[in-house]
Structure formats: C-alpha cells, structure tokens
Amino acid sequence: MTHVLSAASFAALLLPSFALAQGAAGGPVDGPAMPTPRMTQNDIVNGSYSEREIRRRGLEIFTTSFNVFDGFGDGPVDPADPLSPGGRPTANGTWMRLNGLDSQSCQECHGVISNATVPPTLGVAGVGGISASAFPGLTSMDVGDVDGSLRAEVDGRMINPPFVYGAGGVELAGKEMTAELQALKAQAQANPGSAVALVAKGIDFGSIVFDAQSGLFDTSNVEGIEEDLVVRPFGRKGEFLSVRAFDLGALMFHQGMQPAEVVGSGVDADGDGVVNEVLAGEVSALHVFAVNLERPSQTGGNLPAVRAGAQVFESAGCATCHVPALETLSPTLGLALPEVPTDPSANVFYSADLVAGPAHFRSNGLGVTVPLYSDLKRHDMGPDLAETTGSPLDPFFITPRLWGASDTAPYMHDGRALTLRAAIEMHGGEGQFAAVNFSNLGSLDQEALLHFLDSLRVPTRPAADISRPRRK
C-alpha cells in the first residue's frame, strides 16, 4: 500500500524554525530556504533573541542549502570581470566549481569532525575532504600536461577547508595583537626617526620608523603582516581579521549569496532578481555561532610518550613558528559592526565570554590560554609551496594552527600532504630548518614528535547544545 504524506505531515518533518513558503491553499511551494523569520541586526542589538537562539540561528544558516529564491548564484556574466563574484560564468547554468559557485551551504565544505576514525566522524563546522577544496582565482589548468612538466599546473589557488573550532580564541588573540601593534605604531609616530620593535604577545613582526619630514612610516622592516599592522588570523594567507570578514567573502564566492552590508540594503548588485540575500543580523548570527564553538584540546598530555614528543617538538625548532599557546589579557571577545580593522574596540555590539560560554577556554587569571600552535604570522614557505594567482608566485602562508592535527588530514594549505610526516618534510623557505632538523632526528625521536601531534584532537561533539535532528 502506498502512503502519501499530506502537506501538513510533510511540513512537520522539517525543523520548526525553517518556514515553507505557503501557497493560497496553505501547502508547500518553492521558496527560500533561509530560516525565518529573518534575523536583523536590530534584533540582536535590542536583545530580541537570547545568545543560545542567536547561536542556533547561526547553526541553521551555516547548514542551510541556499537556492535561487534565496539569491544563490551570480547574475548575468560580466565580460569585463568574469572572475569576481556577481557575474561569473558557469559550466551548466548553476555551478562552476572552479573559481566558486561550488556549494550550496557552508556545511558542505566543513562537514568532517575527524578523519582519524573509521568511518570518518561527520558533524558541523569541521574540515573538508580534498573533494571540497576551493579554487579561487582559477583561470587555467594544464590538465593534459601539455607542457610535459609531469604536473597539471594551476593558475590560481587550491584551498583545503579547515575547521572552525576554537575560532573565538583565535579571533580574540588576533585582535589583542592588533591593538598592541597599533599602540607601537603610535609610539613610533611620537618618536620620529627611532625604530620601534613590533612585538605582540612575544611574536616579532619586525620594526617601524616614522619620518616626521614626509609624514610617512617606513615599513620596509615590517615582516609577516600587512603594512597596516592588522593581524588577520583567518584564511590560509592570513587575509581576514575576523570570522565575519571571512564569511562575507565566503558567502559571495561559494554560493553567490550577497550580504546586504557589502552591496547595500535593497540592492540587487548581481542582477539575479533577489535583494537582501543575507542580512547583517544573519551574518552576525554566523559570527556568534562560530566564536562560541568549542576549542580543540589535547588527549593524554601527561603521558610520558606525549611529553617526550612535546620536548622534541620544541628542540627541533617547530615551536618557533607553531607557538604552543597565546595568552589573552581578557576573557571576552567583542564582535563589531562595522568592523574597524585598526581598532578592534570600535562599534562592539556583542561580547562572548570565552571561559563561561560554550567555547570553554581555560582562564589564565586575566584572559584565556589559546593553545593553537601558531604565531598568527605569515611566512615564506619556499617555491615548492608557492601558489599562483594571476602571474606572480606567492609563497607566503600564515602558520597553520596545529591544534586538532590528529583528526584533520590531509595537511598543508592545499591538502597535498596525506600524513603529518609528509607535511613536515614539505616545509621550505622559512620552515626548511625545521624539516632538516626533523630529518636529522633518530627514528625514535621522529615517532615521539608524531605521537605528540597525534594527541592534538578536535572537540568530539561540537555545538551539541544547539543541535537537534532536522527530521523526526
């Protein structure tokens, strides 16, 4: 016997917060997938929703598969700029895959909690397998190896998706470092002609000098950071100062979903017939969701084998760039709109408690300890790892955070290293000394170091307190 679901029964299968567009008879029709009612920035600022409700909405948006009613995709192809989001060509009218329009949701590319389990543990806000890699700026690929180089050269980038866990601590550390560097810049301006060392949280970013005659700063000795002295801890190249800044670009690149705060309220910038595709409040919900995700941690840190490996990690020089932890001065992360890159304290509308809140960072007495294993600094990793975007080689990458390394193979910015050993051996440029030191270790010390890295794990049940099954 065939059972036919009524419209009411079908609607009951869906999450209550996901509203279906209703026809005249009250039945489901094609319509937007974005959770309703739409969440505005005023809703958040005025306290219309609790923190848990905002986080839950962020989770919903993160996992929603957007469609054309939401504004998915670009508009007409722009012959003058076919690479930037808004007017890109597609392969079949919907997708391109290379250079974006490559997924319907954030979750598609961030769906693996652990690749170390059999089968892999799936869940929200994790890493992506190599098939989820993004290809920004791609204009050509020598798939047939026409030049006989034995490699299919790519003119563009290939990015393997990282996880989002612990983002609140990373963003807080980066913002505090930015504040320190801006204060040092002001110090240089107050003392013309004197070189001021740019050291924030123990990380050396070179030095800066102010020339009173020209009124300009000499930034020729600034290293590992842009000349504006803003720490941007997100993105493989260190391009984004916050989760919000990352999300604004990601929504446009991956799904063609245009945030109103970028293109303007009521503006159909991509000509697809949809305005206000993502409201500022909805981007804020994504931001609140991400910075409250649990942090990675270490398993068996007191075991002799793990302690021995940590000592080898230090003695081999790995910790020079993969700094075990950064200490913040505050336990509270402020989210701002609009964001002022050089002033993280401006326009704050929401504060996340990273100790008492769901992120559960450990207090250091004043702020929190962020055990990320990174210096949040960009380094030249040598020509073998360099990317091309347009014509120049770009070998600079922000130091990858190693927390969670045990669960997140493959490694390197583009997933080329299938094991941690291979990832270490591929270090070039500023990281080559560590690769050489590792190769000179005895086999027991090498195994100890790898055993230590295997103790760095991701959270087992991220966002469990705001998750619930979509279907009963």
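For the numbers below, each heavy atom of this structure counts, side chains included, while hydrogens, waters and symmetry mates do not.
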- line: In this structure, OG of Ser242 is separated from CG of Asp247 (nearest 0.5 Å) by 8.0 Å
- prompt: Are the side chain of Gln107 and the backbone of Gly123 linked by a donor-acceptor contact shorter than 3.5 Å?
  reply: yes
task: Show your reasoning for whether side-chain hydrogen bond (donor to acceptor under 3.5 Å, both in side chains) applies to Asp147 and Ser149.
output: CA-CA 6 Å; Asp147 64 3; Ser149 64; 2.9 Å; yes
From Met252 atom CE to Ser84 atom OG, the distance as rounded to the nearest 0.5 Å: 9.5 Å
- request: Mark yes when over 12 heavy atoms from residues, nucleotides or ligands other than Arg97 sit less than 6.0 Å from its CZ; otherwise mark no.
  value: yes
message: Taking salt bridge (charged side-chain N to carboxylate O under 4.0 Å, His left out) as the criterion, tell me which of Lys377, Arg378, Lys237, Arg232 meets it with Glu226.
response: Arg378
task: Quick one: pull up CZ in Phe135 and CG in Asp102 and give me the separation to the nearest 0.5 Å.
output: 9.0 Å
query: More than 12 foreign heavy atoms under 6.0 Å from CZ of Arg421: is that the case here?
result: yes
Polar contact flag, side-chain donor to acceptor under 3.5 angstrom, Ser284-Arg244: yes
- prompt: Phe62 vs His110 aromatic rings, parallel, tilted or perpendicular, using cut-offs 30° and 60°?
  reply: tilted
task: Specify the closest pair of heavy atoms between Asp270 and Gly73, including all atoms of both residues, with the distance to one decimal.
output: OD2-O, 3.3 Å
query: Are Phe240 and Phe234 an aromatic pair by the rule of ring centers under 6.0 Å?
result: no
- prompt: Step by step, would you call His413 with Ile159 a side-chain contact (heavy atoms from CB on, under 4.5 Å)?
  reply: CA-CA 6 Å; His413 64 281; Ile159 307 171; over 6 Å; no
- request: State the CG-CG distance between Leu456 and Leu372, to the nearest 0.5 angstrom.
  value: 11.0 Å
query: Ion pair present between Glu294 and Arg461, side-chain N to carboxylate O less than 4.0 angstrom?
result: no
message: Between Val124 and Phe289, is there a side-chain heavy-atom distance shorter than 4.5 Å?
response: yes
Short side-chain donor-acceptor distance under 3.5 Å, Asn42 and Thr40: no
- prompt: Step by step, would you call Arg88 with Phe253 a side-chain contact (heavy atoms from CB on, under 4.5 Å)?
  reply: CA-CA 10 Å; Arg88 294 168 292 182; Phe253 178 81; 3.7 Å; yes
query: Could you go step by step and tell me if Glu60 and Arg57 meet the salt bridge (Lys or Arg N to Asp or Glu O under 4.0 Å) rule?
result: CA-CA 5 Å; Glu60 291 173 345; Arg57 178 54 57 89; 3.0 Å; yes
Euclidean distance, Gln182 CD relative to Asp228 CG, rounded to 0.5 Å: 7.0 Å
- request: Run the numbers on Glu387 and Arg236 for salt bridge (Lys or Arg N to Asp or Glu O under 4.0 Å), then give the verdict.
  value: CA-CA 11 Å; Glu387 295 179 315; Arg236 298 294 195 181; over 6 Å; no
- line: Between Glu51 and Pro358 the two heavy atoms that sit nearest each other are OE1-CD, 4.4 Å
- prompt: Going by the angle between their ring planes, with limits at 30° and 60°, are Trp95 and Phe72 parallel, tilted or perpendicular?
  reply: perpendicular
Evaluation steps, side-chain hydrogen bond (donor to acceptor under 3.5 Å, both in side chains), between Ser103 and Glu108: CA-CA 6 Å; Ser103 62; Glu108 279 188 49; 4.9 Å; no
- prompt: How long is the gap from CG on Leu333 to NE2 on His287, to the nearest 0.5 Å?
  reply: 6.0 Å
